[in-house]
Amino acid sequence: MRVRVLGTAAGGGFPQWNCSCSNCLRVRQGVFSGTPRTQAQLAFSCDPDRWTLVNASPDLRFQIEATPELWPRDGRRSPISGVILTGGEVDQTLGLLLLREFHSFQIHSTAAIRRILTEDNSLFGVLARFAGQVDWRDIPLEGEFFTAGARVEALPLSGSYPGFVNQSRAAALDPAEADIGLLLGGTLAFLPGVGCVPDALLERLRSCDILLFDGTFWSDGEPARIPGLGRTARQIGHLPISGASGSLERLASLTGVRKMYIHINNTNPILDESSEEYEKVRDSGWEVAQDGMEIEL
Ligand SMILES: [Zn+2]
């Protein structure tokens with residue numbers, strides 16, 4: 001299986017259009033030891049003619065253009081045959097609307113995310129303009145499923161539904177279907193939004209070769225300093241990297257696993273490769289995933 005990491009930033013990207021934090025300011029000025037990043041996005045394939053996207057980021061059009069494997073052939077035949085959604089947030093789903101140009105594909109999501117997008121949001125009707133345009137498949141929370149010949153399993157998480165889902169709708173849905181991680185090919189775990197790592201999940205990760213893990217925030221207090229957010233990293237469902245029981249500490253025992261941070265918020269100091277925090281992450285055996293990376297499983 002080939003995996004392409006198309007984007008590595010959290011929602012908003014890096015730099016973020018309305019942000020002038022030290023990172024965003026310096027990357028715009030060209031004086032930053034690090035690179036701009038698009039919003040988190042993967043694509044994988046077991047067969048060069050069929051690629052599956054993991055989520056559909058708002059940057060998807062640019063990410064496809066930057067990845068020759070995803071370019072269309074023979075007129076308008078796209079190799080993108082499926083999309084797996086791990087949640088229903090804007091930065092996981094907005095790109096679906098960009099795939100509306102009379103192309104047929106599958107969307108794998110939990111039943112709850114399918115219902116939110118297809119029953120509550122009429123805009124997603126652009127994906128139902130003709131019979132067979134999109135084939136929605138419900139992801140089982142237990143056991144495996146297949147897409148374009150690849151074996152995938154859901155990793156259960158205790159997330160919450162996006163803030164745009166009204167409270168009565170969210171209360172009527174199974175909380176286990178709000179947010180999932182993925183295990184690709186039995187060996188690559190994709191967990192871009194994790195509030196805590198229960199022992200059962202930690203044990204499951206031990207058998208993986210590669211982990212792409214939530215690198216949204218360096219510290220628990222980091223998002224509280226972002227105007228409008230005012231909550232801690234854990235309160236918004238992201239385990240911070242540093243501090244007691246942060247991911248560096250919590251996942252330190254996964255010594256045989258290639259560990260990479262993904263879904264990195266523009267405020268996170270690990271984006272700056274001259275920072276102490278970047279050095280600390282690298283010294284702890286972690287990599288910071290880069291847009292365009294390729295991983296062979
Ligand atoms: Zn910023």
Side-chain angles (χ1 to χ4, degrees), residues 6-7 9-13 16-17 38-44 50-65 67 70 72 76-141 145-148 150 152 154 156-157 159-182 190 192-193 236-237 263:
L6 308 186
Q16 178 172 317
W17 73 277
T38 59
Q39 292 166 82
Q41 177 71 47
L42 303 186
F44 67 89
R50 289 188 300 169
W51 283 80
T52 300
L53 304 177
V54 177
N55 291 324
S57 93
D59 295 320
L60 189 56
R61 194 176 81 81
F62 308 101
Q63 292 167 332
I64 290 170
E65 291 307 322
T67 312
L70 300 180
R76 291 198 169 185
R77 192 171 61 82
S78 166
I80 295 170
S81 61
V83 180
I84 302 175
L85 301 177
T86 62
E89 294 284 1
V90 169
D91 55 339
Q92 295 163 316
T93 60
L94 190 64
L96 288 176
L97 300 175
L98 310 176
L99 301 178
R100 71 193 185 281
E101 315 285 0
F102 295 99
H103 173 62
S104 294
F105 60 103
Q106 289 182 346
I107 300 177
H108 301 262
S109 74
T110 64
I113 297 302
R114 171 180 51 75
R115 293 183 62 197
I116 289 167
L117 298 182
T118 62
E119 295 173 14
D120 301 350
N121 286 274
S122 58
L123 195 55
F124 284 88
V126 296
L127 298 175
R129 287 194 293 174
F130 61 92
Q133 183 176 2
V134 163
D135 175 12
W136 287 85
R137 304 281 178 98
D138 291 349
I139 294 177
L141 293 179
F145 64 99
F146 287 83
T147 167
V152 185
L157 298 175
S160 53
Y161 286 101
F164 66 78
V165 178
N166 74 51
Q167 287 185 356
S168 59
R169 173 59 127 168
L173 297 169
D174 180 352
E177 294 186 3
D179 230 346
I180 54 169
L182 295 178
F190 178 63
I236 54 176
H263 197 269

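Throughout, residue positions are numbered sequentially from 1 according to the sequence presented. In what follows, every heavy atom counts, from backbone to side chain, and hydrogens, waters and symmetry copies are set aside.
- Under the 4.5 Å side-chain criterion, counting only non-hydrogen atoms from C-beta, Phe44 is in contact with Val152.
- Contact record, Ile180 with Ile139: CD1-CD1, 3.8 Å, taken as the closest heavy-atom pair.
- Side chain to side chain, Thr147 and Gln106 fail the donor-acceptor criterion of an N or O pair below 3.5 Å.
- No side-chain heavy atom of Arg137 sits under 4.5 Å from any side-chain heavy atom of Phe145.
- Residue Pro72 comes nearest to Pro79 through the heavy atom pair CA-CD, 4.2 Å, listed as atom of the first residue, atom of the second, then distance.
- Nearest heavy atoms, Leu141 versus Glu177: CD1-CG, 3.9 Å.
- Counting heavy atoms from C-beta on, the side chains of Asp91 and His263 come closer than 4.5 Å.
- Separation of atoms CD (Gln39) and CG (Leu94) is listed at 8.5 Å; rounding is to 0.5 Å.
- In terms of heavy atoms, Ser104 sits closest to Gly132 at OG-O, 3.2 Å.
- Between the side chains of Ser168 and Asn166, at least one donor N or O lies within less than 3.5 Å of an accepting N or O.
- Using a 4.5 Å heavy-atom threshold, the side chains of Leu99 and Leu60 count as touching.
- Counting heavy-atom neighbours within 6.0 Å of Arg76 CZ, excluding the residue itself, gives a total of 12 or less.
- Looking only at side-chain heavy atoms (C-beta outward), Ile64 and Trp51 stay at 4.5 Å or farther from each other.
- A distance of 11.5 Å separates CD1 of Ile107 from CD1 of Ile84, quoted to the nearest 0.5 Å.
- If you take NE2 on His103 and CG on Leu98, they are separated by 13.0 Å, rounding to the nearest 0.5 Å.
- Among all heavy-atom pairs drawn from Asp138 and Ala111, the shortest one is OD2-CB, 3.6 Å.
- Counting only distance, with no hydrogens or angles, the side chain of Arg129 and the backbone of Arg100 share a donor-acceptor pair below 3.5 Å.
- Taking NE2 of His108 as the reference point, atom CG of Asp135 lies at 7.5 Å (rounded to 0.5 Å).
- Checked by atom type and distance alone, the side chain of Thr38 pairs as donor or acceptor with a backbone atom of Leu6 at under 3.5 Å.
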Report the C-alpha distance between Phe164 and Asn121 in whole Å, list the side-chain angles of each, state the deciding distance to 0.1 Å, and finish with yes or no for side-chain contact (heavy atoms from CB on, under 4.5 Å). CA-CA 10 Å; Phe164 66 78; Asn121 286 274; 4.2 Å; yes
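- Side-chain contact between Leu53 and Leu70 is present, with heavy atoms from C-beta onward closer than 4.5 Å.
- No more than 12 heavy atoms of other residues, nucleotides or ligands sit less than 6.0 Å from atom CZ of Phe62.
- Within 6.0 Å of CZ in Arg61 there are 12 or fewer heavy atoms belonging to other residues, nucleotides or ligands.
- Of all heavy-atom pairs between Gln63 and Ser57, the closest is OE1-OG, 2.9 Å.
- Side-chain atoms of Phe190 and Asn55, non-hydrogen and from C-beta on, do get closer than 4.5 Å to each other.
- Between the CG atom of Leu117 and the CD atom of Gln92 there is a distance of 10.0 Å, given to the nearest 0.5 Å.
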Check step by step if side-chain contact (heavy atoms from CB on, under 4.5 Å) holds for Leu127 and Phe105. CA-CA 10 Å; Leu127 298 175; Phe105 60 103; 4.2 Å; yes
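- Under a cut-off of 6.0 angstrom, the local environment of CD in Gln167 is sparse, with at most 12 non-hydrogen atoms contributed by other residues, nucleotides or ligands.
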Stepwise salt bridge (charged side-chain N to carboxylate O under 4.0 Å, His left out) check, Arg169 with Glu119: CA-CA 11 Å; Arg169 173 59 127 168; Glu119 295 173 14; 2.9 Å; yes
Kindly determine whether Leu85 and Leu96 satisfy side-chain contact (heavy atoms from CB on, under 4.5 Å), including the steps that lead there. CA-CA 10 Å; Leu85 301 177; Leu96 288 176; 4.0 Å; yes
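- Side-chain contact check for Leu173 versus Thr110: every heavy-atom pair is 4.5 Å or farther apart.
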